[in-house]
Amino acid sequence: MFRTKTCGELRISDVGSEVILAGWVQRSRKMGGMTFVDLRDRYGITQIVFDNDTDSALCDAANKLGREFVVQITGKVAERTSKNANLPTGDIEILATGIKVLNKSDVPPFTIEDNTDGGDDLRMKYRYLDLRRNCVRKNLELRHRMAFEIRRYLDSHGFIEVETPVLIKSTPEGARDFVVPSRMNPGEFYALPQSPQTFKQLLMVSGFDRYFQIVKCFRDEDLRADRQPEFTQIDCEMSFVEQEDVLNMFEGLVKHIFKYVKDIDFAEPFPRMTWADAMRLYGSDKPDTRFGMQFVELKDLTEGAGFAVLDDAEYVGAIVAPGCAGYTRKQLDQLTDYVKRPQVGAKGMMWVKLEQDGSIKSSVGKFYSDDTLRKWLERGAANPGDLMLILAGPTMKTRKQLNELRLHMGSELGLRDPQKFSCLWVVDFPLFEWDDETQRYYAMHHPFTAPNPDDIQMLDSDTGAVRATAYDMVVNGNELGGGSIRIHDSELQDKMFHLLGLSEEEARYKFGFLMDAFKYGAPPHGGLAFGFDRFVSILAGLDSIRDVIAFPKNNSGRDMMIDAPSEIDQSQLDELKIDIVKDPE
Ligand code: ASP
């Protein structure tokens, strides 16, 4: 037997028993005639003691162990004299009677500790060592637990997991496809799925009724800090449902996960907010509702004072930062610099302070009387000691800037506690999004999303105002998932393609198979997909999804460990009939 116990399980009640442990040498220290070795495996760390007086040869062997050597230890469990309350095994130690080196190790390029000295790149290059660290391993354990609970919940509600192909034709999620050349069909390419969207709809036509899949999806996008070119979705679809059924089913899933993984109960139903309200009150379709600071609009109160910045603005919006009236000139300048950063893009920021004594100070005091400023503050329900921050400009742009400022203030004031969870549904998204550059409409979700039945008569006359039966689940300012009720009628689907500027031939070429399928009795259906990596990172209290993926890619889409992507052999290119055009530079 390699081991009788793991390095995480021995307790005071085991004192006196003979055990065999196996694991990695975390560290060893020599103190007088004693050598202490911390032995680590997936389950924990156990202290091993070698006594020079009892067995000097054995102690010599222990002194030769290097970090990350793999060893097997035989010994007897003893009570520690100086206990370590921070370690579950901290009451005991093993008095070693034997040691066997199973494998040596080079000195690792960084320390295998929670507070490692290894930088990001180094840890990614040696990810298999990084994964030995407790704090990283914990994330993968959480991921496993969540996947397990997701399957348990969905299975208990009659969902079946069906795998869909990875080598497919383009899917319409609006990003660039990764493509794979076909050797057997030279000049032709598969696309990797951006999502299994069309397949899950086909499965509904097949009568599967309740489908799910925890599935890899691929999108060739420029990577922002929290995106990965391959990521995992919890993809779901249901037949014979309305929006309400879908929301209830998957609110249940999210609550189940919180309960069984985090021991958090949400007694109340998740709030629902229309997209229009989310934009009006938070300037975002994924508002962080862990804190208030909702926007107030001041345009009607600012007019006619001869202050061009506000007079000429389409929109004047403000937030009230509680208890911030004491901000110094320097702090206010820093906030102004913050909103002026290119990532935020505001031209400037105005402020009004309601001092503790009820007096008012403002950066626009020259233009507005205290009475007027008091009206602004009243609209924002400001209390003495509060600070109002104001941005002005074109409506949508300014709302987005004010959203950034609100989030920034929320962070500054410590209102975005990662251990607090605030979930909501955002509903009634617009069906279309207008693009100025190409002068056409795009589907805000994807082209299979059904319009709100009340708005169908506006499809031609007021296209931009048509609402979709689409919904997003938002947690702590993150879009956790989203979906829609689908179009199941081929005539309406044709119309949608037409409104999206797809010619009949194009639509046939891209989605002919789905349109054909819809001719054979497609049931009403709808569904959604959750970003699984994001879900795990939120529950882990982490900002980045990279930390919850075993082998992630960096911001250039590169796997630093296996060094991919990489060039391929000329013979492979020849087989594929592909010529590489070298960049002349
Ligand atoms: N396929 C969609 C997505 O990946 C989700 C859905 O509509 O079910 O965002």
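Not measured: the values here are computed from a predicted model. Indexing begins at 1, ligand by ligand and atom by atom, following the structure's order.
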Q: Using a strict cut-off of 4.0 Å, indicate which atoms of ligand 1 neighbour a heavy atom of G483.
A: 6 (C), 7 (O)
Q: Step through it carefully: locate the ring centre of F429, locate the ring centre of Y471, and say whether they are under 6.0 Å apart.
A: no
**Q.** Flag side-chain contact, heavy atom, 4.5 Å: I549 against F231
**A.** no
Q | Interfacing atoms of ligand 1 (cut-off 4.0 Å, heavy-atom, H445) | A | 6 (C), 7 (O)
Q. Mind checking whether S195 has an N or O less than 3.5 Å away from an N or O of ligand 1?
A. yes
Q. With ring centroids as reference points, do Y211 and F159 lie under 6.0 angstrom apart?
A. no
Q. Taking the six-membered ring where the residue is Trp, are the ring centres of F497 and F511 under 6.0 Å apart?
A. yes
Q: Mind checking whether R486 contacts ligand 1 via backbone (N, CA, C, O), side chain (CB onward), both or neither, at a 4.0 Å heavy-atom cut-off?
A: side chain
Q: Rounded to the nearest 0.5 Å, what's the gap from CD on Q213 to CG on L203? Could you check?
A: 9.0 Å
Q) Between W425 and F270, does the ring centre distance come in under 6.0 Å? A) no
(Q) One pair to check against ring-ring contact (aromatic ring centres under 6.0 Å, His included): F432 and Y442. What are the steps and the verdict? (A) CA-CA 6 Å; F432 298 101; Y442 285 85; over 10 Å; no
Q.
With a heavy-atom distance limit of 4.0 Å, tell me whether R219 approaches ligand 1 through its side chain, its backbone, both, or neither.
A. side chain
Q.
Are any of the N/O atoms on Q233, whether in the backbone or the side chain, positioned under 3.5 angstrom from an N/O atom of ligand 1?
A. yes
Q: Identify, by atom number and element, the atoms of ligand 1 in contact range of A529, meaning under 4.0 Å from any of its heavy atoms.
A: 5 (C), 8 (O)
Q: Do me a favour and list the nearest non-hydrogen protein atom to atom 5 (C) of ligand 1 with residue, atom name and distance?
A: G482 O, 3.5 Å
Q. Under 4.0 Å from any heavy atom of K200, which atoms of ligand 1 are there?
A. 6 (C), 8 (O)
Q. Given E173, Q194, Q197, H446, which one has a non-hydrogen atom that is nearest to atom 3 (C) of ligand 1?
A. E173
